[in-house]
Amino acid sequence: MQYPFITAEEAADFIKNDYVIGIGGFSSVGTPKAVTAALAVKAEAEHAKGNPFQVSVIAGGSTGDQIDGALSRAKAMKYRAGFQSNKDLRTAINNGEVQYSDIHLSHVAQDLRYGFLGHMDVAIIEAADITPEGELVLTTSVGVTPTIAACADKIIVELNAHHPAYIVGMHDLYEPINPPYRREIPVYTPGDRIGSKTLKVDPKKVLGVVKTDLPDSIAAFTKPDPVTTKIGENVANFLISELRKGRIPKEFLPLQSGVGNIANAVLGGLGSCPDIPPFTMFTEVIQNSVIGLMKEGRITFASGSSLTLSDDVLQDVYANYDFFKDKLMLRPQEVSNSPELCRRLGIIAINTALEADIFGNVNSTNVCGSKMMNGIGGSADFSRNAYLSIFTCPSVAKGGVISAIVPMASHIDSSENSVRILATEQGVADLRGKSPLQKAQTIIENCVHPEYKELLWDYLKMAAGHAHTPMTLKKALAMHIAFEETGDMRNTKWD
C-alpha cells in the first residue's frame with residue numbers, strides 16, 4: 001500500500017478554521033512535530049490577514065512544544081482536552097484564552113468512542129515505518145492513537161526516520177469493545193500481549209505522509225537533590241517494611257510511577273535497595289531510571305504508554321534493542337491506565353501531589369484552587385484502584401513560603417478515600433484504617449515541615465470537637481489566603 005507523500009505545509013493547508021484535531025502519542029514523545037509547526041505558521045498568516053483561525057486539540061497526554069507550545073503562541077488553539085504540561089499553553093489556559101477539559105487518562109479514548117467529545121476532523125500520527133499493507137509502526141508512544149485513527153475523518157502520517165523500523169513488535173495495540181458488549185481486558189501479567197504490533201488504518205482516510213527526521217523533545221531530567229533523594233529513601237524503606245510484615249507478597253508487585261524528578265528518585269531508591277526483589281512495572285510513562293534499572297537487572301519488564309527518555313538514553317535502547325525488545329511494551333493509555341487491570345494486577349502506585357491536606361485529600365492540578373498546572377493525568381486511575389496508593393511531595397515549596405500540607409486542599413483530585421500513604425522528605429504517614437482525626441495527627445507528626453508543624457497542630461486543636469472531621473470552614477483556607485496576601489504561608493494567623 002503506497003500513500004502519497006506531501007509536505008508539512010500541504011498537510012497544514014488541509015486543516016481549516018474550527019477543525020478538531022486528534023494528536024497521536026503521549027507524554028511529549030511519539031507525537032507529530034512537523035505538521036503542527038506548519039499549522040502554527042499558517043495560523044499567524046491567517047491572523048495577519050484578519051481571518052479567524054483556531055483549532056481544537058484532543059490528545060491523550062502532553063504533546064511537546066511543537067504542538068501545545070507552537071499553537072498556543074500562534075493563538076491558534078481554542079480548546080484542548082487531555083493532559084498538558086507546556087508553559088505557554090498553561091498560561092493561555094489560565095488567562096482564559098484556551099478552554100481546557102481535564103480528563104482522566106483512562107477516559108479520553110472511550111469518551112471519543114462514546115461521542116462525548118464530539119466530531120473529529122483529522123488525526124495526526126507519527127510512525128517509524130509503514131508496512132506493505134499500509135499499517136503503521138508507531139514510535140515511542142501510543143496514547144489514544146488507535147482511537148483517533150478510528151474516529152477521525154482523515155489521517156495525516158508523519159514518517160519519522162529518527163526511529164528505526166525494527167522496533168515493530170514493541171507495541172501492543174488493543175481497543176476494548178464499547179458497552180454493552182465489552183469484555184474483560186485479558187491482561188493477567190504485565191507482559192501479556194493481547195493486541196496488534198502495528199496500527200491498522202483505513203487507507204481511504206490517509207491524506208498523505210510527511211517525511212521527517214526529528215527527535216522527541218522532552219525536558220531534561222535533573223539529578224535528584226537531597227529532598228527528592230530522601231523522599232525516595234522514605235518510600236523504599238516503607239515498602240521494605242511492608243514486605244517484611246507480609247503485607248506485600250514476597251514476589252513483590254508491579255509498580256506504577258508518575259512523571260518527573262521525584263518519580264525518578266523514588267524508582268532509584270527502590271532499585272538500589274537489595275531487600276526489594278527484581279520487579280516489573282505496569283505504568284503510564286517509562287523514564288530514564290527504568291532503563292538504567294533494567295540494565296542492572298532490577299526491573300525485569302516494563303509496560304507503559306510511552307518511552308519518555310532523553311535522546312541519548314533512547315538511542316542506547318535502539319542500539320541494544322536485542323536486549324530490550326522482550327522487556328518493553330507500549331500500549332494505548334486506556335489499557336496502561338485501566339482501573340480493571342490496576343486492581344487485577346495489584347499495582348503499587350506512586351504519584352506526585354501538588355498539595356495534600358491533613359486528612360489525606362490530594363490536589364494534583366490546581367495551584368491555590370484555580371490556576372491549572374498540568375492536569376490530573378493518570379494519578380487517579382491508579383490511586384483509586386491500586387493495591388497500595390502512595391502520594392509523594394516535598395513538604396514545602398518556593399523556599400519554604402508554601403507548605404505542601406494544609407488544613408484543607410484548595411482543590412481535590414484524589415480524595416482521602418483513595419490515598420493510603422503520604423510521603424514527604426520528613427517521613428511517611430500510613431493512613432490505612434484511620435479516622436479523619438487520626439489521619440490528621442499522623443500526617444502532621446510525620447510529613448509536615450518543622451516550620452509548619454506548630455501552625456497545623458494549633459489548627460487541629462482549634463478545629464477538634466464533636467464533628468467527625470475536625471475542621472472549621474472559616475479557617476480551612478487561611479494558609480492559602482495568607483500566601484496570596486503576604487507571599488508566605490508562615491504568616492497565617494488563626495485568631
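The residues of the chain are indexed from 1 along the displayed sequence. Owing to the predicted nature of the structure, the values given are computational and were not obtained by experimental measurement.
Salt-bridge check for Asp65 with Arg73: passed, with a basic side-chain N closer than 4.0 Å to an acidic carboxylate O. Salt-bridge formation is detected for the pair Glu97/Lys75: a Lys NZ or Arg NE/NH1/NH2 atom is positioned less than 4.0 Å from an Asp or Glu carboxylate oxygen. Contact check on Lys16 versus Asp121 returns no salt bridge, with no Lys/Arg side-chain nitrogen under 4.0 Å from an Asp/Glu carboxylate oxygen.
In this structure, the separation between NZ on Lys197 and NE2 on His171 is 12.5 Å, given to the nearest 0.5 Å. How far CD of Glu135 is from NZ of Lys200: 4.5 Å, rounded to the nearest 0.5 Å. Note that CD of Glu425 and SG of Cys393 are 8.5 Å apart. Values are rounded to the nearest 0.5 Å. To the nearest 0.5 Å, the span separating CG on Leu117 from NE2 on His107 amounts to 11.5 Å. Atoms CG and CG, from Asn234 and Leu239 in turn, are 11.0 Å apart once rounded to the nearest 0.5 Å. Ile405 CD1 to Met489 CE: the interatomic distance, rounded to the nearest 0.5 Å, is 10.5 Å.
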(request) Verify side-chain hydrogen bond (donor to acceptor under 3.5 Å, both in side chains) between Ser27 and Thr308, making sure each step is shown before the conclusion. (result) CA-CA 7 Å; Ser27 191; Thr308 305; 3.1 Å; yes
(request) Could you go through the side-chain hydrogen bond (donor to acceptor under 3.5 Å, both in side chains) check for Thr147 and Glu175 one step at a time? (result) CA-CA 8 Å; Thr147 304; Glu175 277 196 285; 2.5 Å; yes
(message) As a quick check of understanding, evaluate side chain to side chain contact (heavy atoms under 4.5 Å, CB included) for Met372 and Thr365, giving each step before the final call.
(response) CA-CA 6 Å; Met372 173 57 63; Thr365 57; 4.2 Å; yes
(request) Give the intermediate values and the outcome of side chain to side chain contact (heavy atoms under 4.5 Å, CB included) for residues His162 and Gln315. (result) CA-CA 10 Å; His162 196 74; Gln315 295 309 316; 3.3 Å; yes
(request) List the steps and the verdict of side chain to side chain contact (heavy atoms under 4.5 Å, CB included) for Tyr174 and Arg331. (result) CA-CA 7 Å; Tyr174 172 92; Arg331 309 178 187 270; over 6 Å; no
(request) Assess whether side chain to side chain contact (heavy atoms under 4.5 Å, CB included) is satisfied between Val259 and Asn374, documenting all intermediate values. (result) CA-CA 11 Å; Val259 182; Asn374 296 326; over 6 Å; no
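Residue Ser383 is tested with Ser415, Ser414, Ser364, Ser418 for a side-chain hydrogen bond (donor to acceptor under 3.5 Å, both in side chains); the sole match is Ser414.
Residues passing the side chain to side chain contact (heavy atoms under 4.5 Å, CB included) test with Val401, sequence neighbours excluded: Lys398, Phe483, Asp488, Arg490. Applying the ring-ring contact (aromatic ring centres under 6.0 Å, His included) criterion to His480, with sequence neighbours excluded, gives no partner residue.
At a cut-off of 3.5 Å, with distance as the only test, a side-chain donor of Glu355 or Ser410 sits close to an acceptor on the other residue. Side-chain contact annotation: Thr283 with Ser257, donor-acceptor N/O pair under 3.5 Å absent. For the residue pair Asn337 and His104, no side-chain donor N or O sits within less than 3.5 Å of a side-chain acceptor on the partner. Between the side chains of Ser72 and Asp88, no donor-acceptor pair of N or O atoms lies under 3.5 Å.
A pairwise comparison of heavy atoms in Asn363 and Ala409 identifies CB-CB, 4.4 Å as the closest pair. Closest approach of Glu284 and Ser336 over heavy atoms only: CA-OG, 4.4 Å. Taking all atoms of both residues into account, the shortest heavy-atom contact from Phe279 to Met281 is CE1-CG, 4.2 Å. The heavy-atom pair separating Leu71 from Val57 by the smallest distance is CD1-CG2, 4.0 Å.
For the pair Ile130/Val209, a side-chain contact is recorded, criterion being any heavy-atom separation below 4.5 Å from C-beta on. Between Phe324 and Ile291, some side-chain heavy-atom pair lies under the 4.5 Å cut-off. Using a 4.5 Å heavy-atom cutoff, the side chains of Gln99 and Lys78 are not in contact. With a 4.5 Å cut-off on side-chain heavy atoms, Gln256 and Asp381 do not count as touching. Side chains of Ile67 and Leu89 form no contact here, defined as non-hydrogen atoms less than 4.5 Å apart. Contact of the Thr140 side chain with the Leu309 side chain is not registered, since no non-hydrogen atoms from C-beta on lie closer than 4.5 Å. The closest side-chain heavy-atom distance from Asn17 to Asn51 is not below 4.5 Å. With a 4.5 Å cut-off on side-chain heavy atoms, Leu330 and Leu138 do not count as touching.
Formation of a donor-acceptor pair under 3.5 Å by the Lys205 side chain with backbone atoms of Ala149 is found in this model. Here the side chain of Asp172 pairs a donor or acceptor atom with the backbone of Gly195 at under 3.5 angstrom.
Relative ring orientation between Tyr321 and Tyr166 is described as tilted, the plane-to-plane angle lying within the 30° to 60° band.
The number of heavy atoms from other shown groups lying within 6.0 Å of CZ (Arg384) does not exceed 12. The local environment of CD in Glu133 is crowded, with over 12 non-hydrogen atoms from other residues, nucleotides or ligands closer than 6.0 Å. The number of heavy atoms from other shown groups lying within 6.0 Å of CZ (Arg420) does not exceed 12.
Both the sub-6.0 Å distance and the 45° axial angle are satisfied by Lys211 relative to the ring of Phe5.
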